[in-house]
Undergrad: 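Take this structure first; my questions come after.
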Amino acid sequence: MTDHDIFAALRARTIAALAELLPDLPADAFARVQMEPPRDPSHGDMATNAALVVAKPARQAPPKLAAALAERLAALPEVESAAPAGPGFVNLRLRESLLRAQVPVVLAEGERYGDGRAGAGRRIDVEYVSANPTGPMHVGHCRGAVVGDALANLLAKAGWDVTKEYYINDAGAQVQALAYAAYWRYLQALGTTMDEDAYAQLIPGGLQYKGEYLIPVGQALRDRFGASLASQDPDHRVGLLGPDHWLETVRDFTVERMMEAIREDLAMLGVVQDVFVSEAQLVREGKLEQAEKLLFDKGLIYRGVLEPPKGKTPEDWEPREQTLFRATQFGDEVDRPLRKSDGSGTYFANDIANHLHKIERGFAELVHVWGADHGGYVKRMQAAVAALSGSTVPLDVVLAQIVHVVKDGQPVRMSKRAGTYVTLRDLIDEVGRDAVRFTMLTRKADAQMEFDLDKVVEQSRDNPVFYVQYAHARCRSVLRSAGDPPAGDLALAPLDSLTDPAELALIRRLTTWPRTVEAAAIAREPHRIAFFLHDLAGDFHVLWNKGRDDATLRFIRADEPEATRARLALVAATGTVIRSGLAVMGVTPVEEMR
RNA sequence: GUCUCCGUAGCUCAGCAGGAUAGAGCACCAGAUUCCUAAUCUGGGGGCCGUGGGUUCGAAUCCCGCCGGGGACACCA
């Protein structure tokens, strides 16, 4: 499928030419050969560093080699001219006919244009969101959700076999605390006369989740279980019935409810994951012990005492013997504990079980999207995956930095206590799903981002969401005016009339889509798709605007049916690539702006 | 103290697995806009890429030190 990528095609031609010039060179000498668009368009359509890269093993001077290579490349039918340049580059100018010929390629492939084979069908697991099931999704989760989802789409487009996964942290102290909080709402639903403080005194860790979202859960518990989970005191105020009688029931019920809500929220964002893995389930299945045994057998687990962290020693530090994993053998700073003092697994240990589970399912690569506050966790997890898999399965972690929400020029504080907690649902209601998704991808994931509620819905050029959508709407508008000719017909249109620099610039941009997809996927950087679309939209708007000054450049010209068909083909191809990119981002293309 | 991410135009940010004269939007300046496609358009100024070394034919990009900022640092998830 890479032959729709003319850069890859010309790169292959270049290597072939070079191999003829230098028959003694081993094939791997060409690995670093690149064919890319030059920064400066005056240099031509493509530039290759081939002579520079090969000069050393070939024991030849780069400029001389470049000259010889240029001569060969100039003879290719696709190439208009080729010239050595600078320290040893070869600049290529392609025949315009080759560029134009890419338009029907786009039309024939449709939104599949740009699909790549970089992933070679390898199975990859992309885990993202994985918010604790203790409450509704808020904007803090949103970025990870969008980045992860777009990244998964991107990898799929680039040829990986992708599984979208959510890991439910339903085994730890957090869900325990959630259960206590839900139980409080349950008692309230039963009409307890106890007050909140009294209740909080009775439970371990106090009442941690006070949000009103648990009120319906309490009511649902009452509807389902009646008073059977509470003490039979008429006021339901006598302390607590022993947690043994209800904790598990309430916890499972509540987690189930929370996950339903989370799935709904995610669905509103357009995120639908394939697999939900339960931490508690893994623990029940003994996956932790299994992982532990596996590591133990490799000699990677021991009992030992850690040094206190240097610099800032915690107040309550005391030397303690723990079960430790030799993370240091895999590049981590210190060995990491697997068991708490009560013998239960640490979060890390359970996560090792989670990763063993992934490896056992046969994934060749693993990807996580985490919040930046988990950055300190990356090395140990990579160490664990390396240990479990014998270093055969790479784990990439994409860190998503925090998002500052701004409204009316003022930061919207993310505080549960102050009641200004912005839920994901609020955000979507306010600006719409597509604006949320697009905007979340307009920054590199690991850069902090300001999300301005006013700007993302602004209809102006400096709003990239609008800018890109507007380009697509214009494409559609032109095609509608022309009676929506089928792509198959347009693909047959003679294109020789496409000669204006703005038209050719647009075509050039379209031809870089496949390599953009591939590079973004390999780098795990979905934001590049947003930038590409912005540039593509820019090229299209330029052409549109030129039509205002110069009527001969308008897309539809009654007096020139041939030229009109050619331009409609170009417009259709542009719209197709925009849709293809938006599909990766999970954004719905609009037919018209309103 | 250690680890990690970051530092690019006045502002917000790109910079494609080292490549030629470092880009975009906003802001600023100067023009255009009786019209067909104005949710404006065209052009311009503006940067020792935090800093000092190193590797290389070649560094914003890779390595080391320093300065400045965010984040994380045993039995929390």
Side-chain angles (χ1 to χ4, degrees), chain A residues 32 34 36-40 42-43 47 49 52-53 55-56 61-63 85-89 91 130 132 134 169 171-175 279 305-314 316-320 322-324 332-348 350-351 371-379 399 401-402 442-444 446-450 452 455 458-464 466-467 470 473-474 477-478 481 512 515-516 518-520 522-523 525 527-528 530-532 534-535 538 541-542 544-549 551 553-556 593-594:
Chain A
R32 290 176 53 223
Q34 294 174 2
E36 49 191 11
R39 293 189 193 285
D40 184 343
S42 72
H43 291 146
N49 63 350
L52 287 160
V53 168
K56 194 175 268 182
F89 290 97
N91 292 331
S130 300
N132 288 337
T134 54
N169 294 129
Q174 300 296 319
V175 288
E279 180 183 8
V305 180
L306 287 175
E307 299 278 309
K310 289 184 180 119
K312 211 169 66 179
T313 304
D316 57 346
W317 171 266
E318 57 184 62
R320 214 180 261 123
Q322 294 170 309
T323 301
L324 299 170
D332 200 359
E333 281 83 44
V334 291
D335 292 337
R336 303 291 180 177
L338 295 184
R339 294 272 173 191
K340 302 180 198 172
S341 39
D342 66 1
S344 66
T346 57
Y347 177 78
F348 177 53
N350 286 352
D351 220 0
D373 56 342
H374 286 57
Y377 201 71
V378 174
K379 281 191 181 179
L399 295 179
Q401 263 289 1
I402 58 172
T442 55
R443 292 278 180 278
K444 231 176 355 191
D446 60 10
Q448 288 189 20
M449 177 165 90
E450 194 170 275
D452 189 321
K455 273 199 180 135
E458 190 175 286
Q459 303 206 332
S460 74
R461 181 173 181 170
D462 52 322
N463 176 7
F466 170 78
Y467 194 64
Y470 190 33
R474 278 179 158 174
S477 160
V478 169
S481 308
T512 63
R515 63 198 312 281
T516 300
E518 179 174 317
I522 289 171
E525 292 187 349
H527 75 278
R528 290 191 196 179
F531 281 92
F532 171 85
H534 189 260
D535 290 343
H541 288 309
V542 164
W544 181 287
N545 290 328
K546 272 186 115 172
R548 281 207 292 252
D549 295 335
L553 281 174
R554 304 194 52 169
F555 297 115
I556 299 173
M593 306 304 293
R594 309 204 286 161

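Within every chain, numbering begins at 1; the chains are lettered A, B, ... in the order of the sequence lines, protein sequences first and strands thereafter. This structure is a prediction, so every number in the text was calculated from the model and none was measured.
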Undergrad: Return yes if some donor-acceptor pair links the side-chain N/O of A:His534 with the main-chain N/O of A:Thr442 below 3.5 Å, else return no.
TA: no
Undergrad: May I have the distance from A:Asp342 (atom CG) to B:A74 (atom P), rounded to whole angstrom?
TA: 18 Å
Undergrad: Please state the P separation for the pair B:A14 and B:C3 - nearest whole angstrom.
TA: 26 Å
Undergrad: Contact class for A:Glu458 vs. all strands (heavy atom < 4.0 Å): base, sugar-phosphate, or nothing?
TA: nothing
Undergrad: Does B:A24 have A:His534 stacked on its base, where the ring centres are within less than 5.5 Å and the planes differ by under 30°?
TA: no
Undergrad: Without decimals, in angstroms, what is the distance between A:Asn49 CG and B:A20 P?
TA: 11 Å
Undergrad: In whole angstroms, how far is the P atom of B:G43 from the CG atom of A:Asn545?
TA: 11 Å
Undergrad: Mind pulling the stems RNA chain B is in, i.e. runs of at least three Watson-Crick or G-U pairs, everything under 3.5 Å?
TA: B:1-7 with B:67-73, B:10-13 with B:23-26, B:28-32 with B:40-44, B:50-54 with B:62-66
Undergrad: Base, sugar-phosphate or nothing for A:Ala47? Non-hydrogen atoms, less than 4.0 Å.
TA: base
Undergrad: Can you check the A:Gln322 CD to B:A74 P distance for me, whole Å?
TA: 10 Å
Undergrad: On RNA chain B, does the nearest nucleotide to A:Arg336 precede the nearest nucleotide to A:His374 from the 5' side, or the other way round? Give the residue.
TA: A:Arg336
Undergrad: Name the residue closer to the 5' end of RNA chain B, choosing between A:Pro319 and A:Leu52 according to the nucleotide with the nearest heavy atom.
TA: A:Leu52
Undergrad: Say whether, by atom type as modelled, one donor and one acceptor occur between the side chain of A:Thr346 and the main chain of A:Pro337 under 3.5 angstrom.
TA: yes
Undergrad: Could you tell me whether A:Pro337 contacts a base, only the sugar-phosphate backbone, or nothing, with contacts defined as non-hydrogen atoms closer than 4.0 Å?
TA: sugar-phosphate
Undergrad: In this structure, how many angstroms lie between the P atom of B:U37 and the CE atom of A:Met593, rounded?
TA: 18 Å
Undergrad: Which pair of non-hydrogen atoms, one from A:Leu553 and one from A:Lys546, has the smallest distance, and what is that distance?
TA: CD1-CB, 3.9 Å
Undergrad: Which whole number of Å gives the distance between the C1' atom of B:G65 and that of B:G47?
TA: 25 Å
Undergrad: Expressed as a whole number of angstroms, how long is the span from A:Phe532:CZ to B:A24:P?
TA: 17 Å
Undergrad: Please list, chain by chain and in numerical order, all residues satisfying ring-ring contact (aromatic ring centres under 6.0 Å, His included) with A:Phe532, sequence neighbours excluded.
TA: A:Trp513
Undergrad: Which word best sums up how the rings of A:Tyr377 and A:Phe348 line up, parallel for under 30°, tilted for 30 to 60°, or perpendicular for over 60°?
TA: perpendicular
Undergrad: How long is the line joining CG of A:Asp332 and C1' of B:C3, in whole Å?
TA: 9 Å
Undergrad: What's touching nucleotides 13-16 of chain B from the protein side, N or O pairs under 3.5 Å?
TA:
residue : atom : partner  : partner atom : Å
B:A14   : OP1  : A:Lys444 : N            : 3.2
B:G15   : OP1  : A:His527 : NE2          : 3.3

Undergrad: Once the angle between the rings of A:His527 and A:Phe531 is folded into 0 to 90°, is it parallel (under 30°), tilted (30 to 60°) or perpendicular (over 60°)?
TA: perpendicular
Undergrad: If every non-hydrogen atom of A:Thr134 is compared with every non-hydrogen atom of A:Gln174, which pair is closest and at what distance?
TA: CG2-O, 4.0 Å
Undergrad: Less than 4.5 Å apart, side chain to side chain, heavy atoms only: is that true for A:Asp535 and A:Thr512?
TA: no
Undergrad: Rounded to the nearest Å, what distance is computed from the CG atom of residue A:Asn350 to the P atom of nucleotide B:C75?
TA: 13 Å
Undergrad: Using a heavy-atom cut-off of 4.0 Å across all strands, would you classify A:Phe555 as base, sugar-phosphate, or nothing?
TA: base
Undergrad: Ignoring hydrogens and angles, are the base of B:A24 and the side chain of A:Asp535 linked by a donor-acceptor pair under 3.5 Å?
TA: no
Undergrad: What I'd like to find out is whether the side chain of A:Asn169 reaches to under 4.5 Å of the side chain of A:Val175, using heavy atoms alone.
TA: no
Undergrad: Which nucleotide, B:A72, B:C41, B:A74, lies nearest any side-chain atom of A:Arg320?
TA: B:A74
Undergrad: Please give the distance between the P atoms of B:C63 and B:G46 as a whole number of Å.
TA: 33 Å
Undergrad: Does any donor atom in the side chain of A:Asn350 or A:Glu279 lie under 3.5 Å from an acceptor atom in the other side chain?
TA: yes
